[in-house]
Amino acid sequence: MDLITAPTTNATGNEVRVRFCPSPTGTPHVGLIRTALFNWAYARKTGGTFIFRIEDTDASRDSEESYEQLVEALRWLGLDWDEGIDVGGPHEPYRQSQRGEVYQDVIQKLKAAGHLYESYLNADEIKERNLAAGRDPQMGYDNSERELSDSERERYIAEGREPALRLRVPDQDISFTDLVRGEITFPKGSFPDFVLVRPGGQPLYTLVNPVDDALMGITHVLRGEDLLSSTPRQIVLYNAMYDIGVAKFIPQFGHLPFVMGEGNKKLSKRNPESNLFLHRDRGFIPEGLLNYLALLGWSIAADRDIFTLEEMKQSFAIGSVNPNPARFDQKKADAINSAHIRLLSDADFANRVLPYLQSAGLITSDPTAKRAGNHQHRRTATKRAHDRALRVGWHARLLLSDSAEVEFEQAAIESLPENAKEVVSAALEVLKPLQDFGAQSIQAALNAELVERLELKPRIAFGPVRVAISGRRVTPPLFESMEILGKDLSLGRLEAFLIRPLR
RNA sequence: GGCCCCAUCGUUUAGCGGCCUAGGACGCUGCCCUCUCACGGCAGUAGCGCGGGUUCAAAUCCCGCUGGGGUCACCA
């Protein structure tokens with residue numbers, strides 16, 4: 001039970017070593033990615049090293065698919081790493097599932113130095129002991145096996161038991177200076193001796209995470225707030241590792257605010273908004289998503305919130321991260337994303353639209369999918385879609401689809417005036433005889449009929465037509481859209497709208 | 001329940017003792033631009049949880065309360 005004597009690192013500049021160390025369970029969560037982003041930004045700002053390690057110590061929950069998604073996520077976003085998965089480095093391997101020997105070695109040393117001791121009591125027995133002693137069972141383990149006698153140990157072994165290994169926690173207050181929250185102190189007795197190794201020798205996260213951080217020389221641990229209360233435990237472990245020469249210092253810690261969902265709860269993995277790839281599928285570009293994620297706890301300036309990754313890496317400061325929990329606001333995220341889309345060149349935008357058209361089945365080698373396959377069409381359509389794109393792929397898909405069937409957005413339906421069908425019907429009649437189905441000619445015809453003859457306000461006149469054509473309230477320029485779609489498709493969509501039940 | 005964290009418009013964020021009759025952004029509302037929605041421009045809406053201190057002066061510092069969250073696993 002040595003008191004904490006290990007020094008805390010004061011590494012700066014290119015001595016900084018940070019890591020992103022997810023466990024591959026499920027699909028990448030935006031909160032997790034925010035953590036990756038901040039670590040990345042800190043490394044890039046300081047000129048330090050960004051390490052990507054995988055914590056796959058729970059074979060029952062980890063999956064290879066999830067692992068691949070994690071790698072894909074960072075690659076897609078452009079968060080490059082200097083050491084770790086795929087790229088290698090001086091501390092290979094970077095997957096914990098392949099580091100078993102490393103941990104066994106540390107466990108032996110820790111045990112030999114008396115920092116770990118054998119614990120034979122199971123959860124039920126611990127609870128019973130607390131109850132018998134009048135202690136609140138929620139207090140957890142009572143450290144009663146610290147000085148087990150040989151005879152007691154032999155009796156357990158005779159019963160066929162195998163011990164878990166617990167760390168001796170010193171009886172002292174534990175303080176550290178959190179990079180985002182300042183000084184934090186946990187009073188002595190805040191937690192009991194905890195398990196680092198399962199019966200049978202399987203090391204737990206409580207051991208392997210600090211062991212790898214120590215071995216890999218991690219200087220700054222930036223992670224979610226949910227790990228805040230395990231920090232004093234880790235400091236105790238670091239101290240033990242320092243004692244046996246495995247750790248050279250205690251890293252600095254910074255706990256990033258939670259990413260909240262609806263209500264006052266953490267954005268759960270069940271919530272679709274938490275799924276990084278769902279945002280990508282909906283048409284988020286990396287620039288937009290990264291910018292929004294950065295805003296979840298950090299800001300570049302008081303009067304500005306659109307910025308690039310490059311700008312972030314030049315001005316990121318962990319000390320200016322806001323400790324408040326941040327709510328994931330889809331509307332704001334959409335707005336940030338669309339601002340970035342508008343910053344794209346037309347050519348760049350067109351390239352980014354391509355994958356969406358492909359996955360929508362609009363670009364194939366099938367000769368009957370002629371419209372989307374037509375380069376001229378595609379260029380015009382994507383260019384037109386660019387101006388108002390909230391999300392990539394959204395509008396272009398509509399303009400290039402060969403279908404008269406349109407998916408209607410709820411907001412679009414709600415925006416319709418009472419006489420929507422009459423308006424569309426009138427539009428249909430005046431468009432039918434049109435020889436020249438160019439934007440100008442369409443506009444002239446609709447204007448003469450709806451605005452001048454029927455005296456409708458332009459909003460009332462064109463709104464229903466827009467919705468009928470696109471199913472949406474916001475679209476690329478209406479008349480050009482109709483031209484791109486062509487006469488047959490345009491009229492087909494108007495007709496389909498007329499026989500569709502509204503509301 | 002023990003321990004820890006958090007607390008500025010609906011949301012997010014600026015503010016680190018006087019520059020604050022609290023600024024920006026998203027949202028919302030209105031107007032302008034456009035014979036259309038959007039984009040863009042302009043205007044408006046709305047906030048320092050409560051109570052004590054400290055100070056000439058507090059959104060800003062301290063204490064308490066209240067509220068919210070997290071964590072107490074042989075998960076990570």
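Proteins get letters first, then strands, A, B, ... in listed order; numbering begins at 1 in each.
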query: Do the non-hydrogen side-chain atoms of A/Leu204 and A/Val195 ever get within less than 4.5 Å of each other?
result: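 Yes, their side chains come closer than 4.5 Å.
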
- prompt: Is there a side-chain contact between A/Leu32 and A/Leu70, using heavy atoms and a 4.5 Å cut-off?
  reply: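 With C-beta onward as the side chain, the pair touches.
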
task: Taking the six-membered ring for Trp and the single ring otherwise, decide whether the centroids of A/Phe186 and A/Phe191 are under 6.0 Å apart.
output: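 Judged by ring-centre distance (under 6.0 Å), A/Phe186 and A/Phe191 do not meet the cut-off.
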
- prompt: So, do A/Phe316 and A/Phe38 have ring centers that fall under 6.0 Å from each other?
  reply: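 Under 6.0 Å, so yes.
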
message: Tell me which nucleotide, if any, is Watson-Crick or G-U wobble paired with B/G17 when both distances must be under 3.5 Å.
response: none

task: Report the base-pairing partner of B/G2 (Watson-Crick or G-U wobble, both distances below 3.5 angstrom), or none.
output: B/U71

Side chain of [X]: nearest nucleotide among [options]?
X	options	result
A/Lys331	B/C72, B/C26, B/G70	B/C26
A/Arg181	B/U36, B/C5, B/C26	B/C5
A/Asp226	B/G24, B/C75, B/G70	B/G70

- request: Give A/Pro187 one of three labels, base, sugar-phosphate or nothing, depending on what nucleic acid heavy atoms sit under 4.0 Å from its own.
  value: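 Sugar-phosphate contact only - A/Pro187 comes under 4.0 Å of backbone atoms but never of a base.
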
task: Quick one: label A/Asp178 by what it contacts on the DNA or RNA (base, sugar-phosphate, nothing), any heavy atom closer than 4.0 Å.
output: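 Since no nucleic acid heavy atom lies under 4.0 Å of A/Asp178, the category is nothing.
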
- prompt: OP1, OP2 of B/G40 versus side-chain N and O of A/Arg342: anything below 4.0 Å?
  reply: yes

message: Quick check on B/A7: is either OP1 or OP2 less than 4.0 Å from any side-chain nitrogen or oxygen of A/Asn324?
response: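 Yes, within the criterion.
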
task: Pick the C1' atom in B/C16 and in B/G52, then give their distance to the nearest Å.
output: 23 Å

